[in-house]
Amino acid sequence: MQPTPVGPIDASAVPRFAGIATFARLPRLDEVGRADIAVAGVPFDSGVSYRPGARFGPAHVREASRLLRPYNPAQDVFPFGAQQVADAGDLVANPFDLQDAVAGIEAGARELRERADRFVVIGGDHTIALPLLRAVHAEHGPVAVLHFDAHLDTWDTYFGAPVTHGTPFRRASEEGLIDLTASMHVGTRGPLYDKDDLADDERLGFSVVTSEFVEEHGVAAAIDRMHARIGDAPLYVSIDIDVLDPAHAPGTGTPEAGGLTSRELLRMLRALAGRRIVGADVVEVAPAYDHAQLTAVAASHVVYELLSAMAPRTGGGSDAHA
Ligand SMILES: N=C(N)NCCCC(=O)O
Ligand SMILES: [Zn+2]
Ligand SMILES: [Zn+2]
């Protein structure tokens with residue numbers, strides 16, 4: 001028999017604003033030994049092209065996640081009851097040496113797998129998706145990448161540097177880490193460097209649902225495209241919080257006007273229930289530009305919907321499109 005999962009601290013016994021902030025006030029991984037899903041932070045932002053500060057993202061999102069509750073009515077699931085979720089703390093990333101950081105994050109992610117079946121990582125800038133995908137690929141082979149972002153992040157180099165937060169998916173594609181027939185960006189928008197950026201991106205294996213498409217055709221049509229593209233492939237979900245409009249997520253390093261609402265993003269994530277999610281990240285929360293925890297609250301709910309979508313269903317109705 002499976003042991004009953006250890007859930008968050010009881011909010012009727014200890015107020016939510018008391019105590020140390022693990023994600024959702026869940027137990028630490030070392031307290032439960034092993035978990036179905038480990039939530040881990042990667043406080044790293046040495047790969048940014050514009051505003052720095054995402055290294056403080058994990059602590060900020062954990063702090064805002066205190067208010068999450070055990071039952072998710074939108075997916076009819078108890079994400080912390082149907083599976084053991086635990087906070088694994090932060091993976092160590094060298095802030096002064098990017099190559100060493102990337103190697104450290106991959107090693108940390110592989111080590112996590114010895115104690116947890118899957119991980120959801122809170123960044124950190126988007127550079128970290130590359131080592132995380134390397135770790136996932138080592139186990140699953142090429143995975144479908146469902147990438148929510150204002151940006152393509154398939155650019156080549158910045159100042160000659162190949163590993164940055166604007167390049168992880170180009171490197172991942174070149175290295176054969178992703179399924180070129182099943183990967184996609186959702187929510188892209190804003191100015192590019194050149195028209196060729198889009199042709200390159202397509203060649204690298206991505207199809208695109210832009211933010212404008214969502215406005216024009218609605219969330220249901222975007223979800224249909226998403227489902228058609230990802231199919232049943234093992235799925236890695238990478239969520240750059242700047243996919244949200246700056247009105248919904250001001251606390252980020254490279255904001256672009258005209259983005260998704262948090263309501264639209266959460267609904268799209270609910271539609272992933274029952275898909276084969278093998279890992280995920282939520283990146284680019286930079287608290288210095290946040291106000292009233294807007295961005296961190298949004299990010300904590302994004303993680304919550306992901307964990308809910310990853311939870312096993314024990315029968316009964318769940319409205320994945322709610
Ligand atoms: N991954 C994020 N958030 N941004 C990439 C922007 C790269 C650029 O400044 O062109
Ligand atoms: Zn972005
Ligand atoms: Zn990004």
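What you see is a predicted model; the values in this text were computed from it and never measured. Just so you know, ligand 1 is whichever comes first in the structure, and atom 1 is the first atom listed for that ligand. Computation of the quantities below employed the complete heavy-atom set of this structure, encompassing side-chain atoms and omitting hydrogens, waters and symmetry-equivalent molecules.
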| request: Run the numbers for me: atoms of ligand 1, each under 4.0 Å from some heavy atom of E284, listed by number. | output: 1 (N), 2 (C), 3 (N)

| field | D76 with R313: basic N within carboxylate O range, under 4.0 Å | value | no

| request: Please list all pairs passing the salt bridge (charged side-chain N to carboxylate O under 4.0 Å, His left out) test where one or both residues lie in residues 132-157, with sequence neighbours left out. | output: R113-E139, R134-E175, D156-R170, D156-R171

| request: For the pair R189 and D245, find out whether any cationic side-chain nitrogen is under 4.0 Å from an anionic carboxylate oxygen. | output: no

| note | Any heavy atom of D242 under 4.0 Å from ligand 1? The part involved is side chain

| task | May I ask which of H165, H147, E256 has a heavy atom nearer to atom 2 (C) of ligand 1 than the others do? | result | H165

| remark: Under 2.8 Å from the Zn ion (ligand 3), the protein N, O or S atoms found are H126 ND1, D149 OD2, D153 OD2, D240 OD2

| Identity and distance of the protein heavy atom lying nearest atom 5 (C) of ligand 1 | D153 OD1, 3.3 Å

| task | Identify the protein heavy atom lying closest to atom 9 (O) of ligand 1, giving its residue, its atom name and the separation to 0.1 Å. | result | S49 OG, 2.6 Å

| With D240, which of H185, H126, H165 fulfils side-chain hydrogen bond (donor to acceptor under 3.5 Å, both in side chains)? | H126

| message | Below 4.0 Å, non-hydrogen atoms only: which portion of Y158 touches ligand 1? Side chain, backbone, both or neither. | response | side chain

| request: Identify the protein heavy atom lying closest to atom 10 (O) of ligand 1, giving its residue, its atom name and the separation to 0.1 Å. | output: Y193 OH, 2.4 Å

| request: Within a distance under 4.0 Å of any heavy atom of H126, pick out the atoms of ligand 1 and give their elements. | output: 1 (N)

| query | Please state which protein non-hydrogen atom is closest to atom 3 (N) of ligand 1 and give its distance, to 0.1 Å? | reply | D240 OD2, 2.8 Å

| task | Consider only side-chain N and O atoms of H147 and S183, and report whether a donor and an acceptor are under 3.5 Å apart. | result | no

| query | Looking at CH2 of W155 and CG of D201, how far apart are the two atoms once the value is rounded to the nearest 0.5 Å? | reply | 9.0 Å

| task | With heavy atoms of T254 as the reference, note each atom of ligand 1 found under 4.0 Å away. | result | 2 (C), 3 (N), 4 (N)

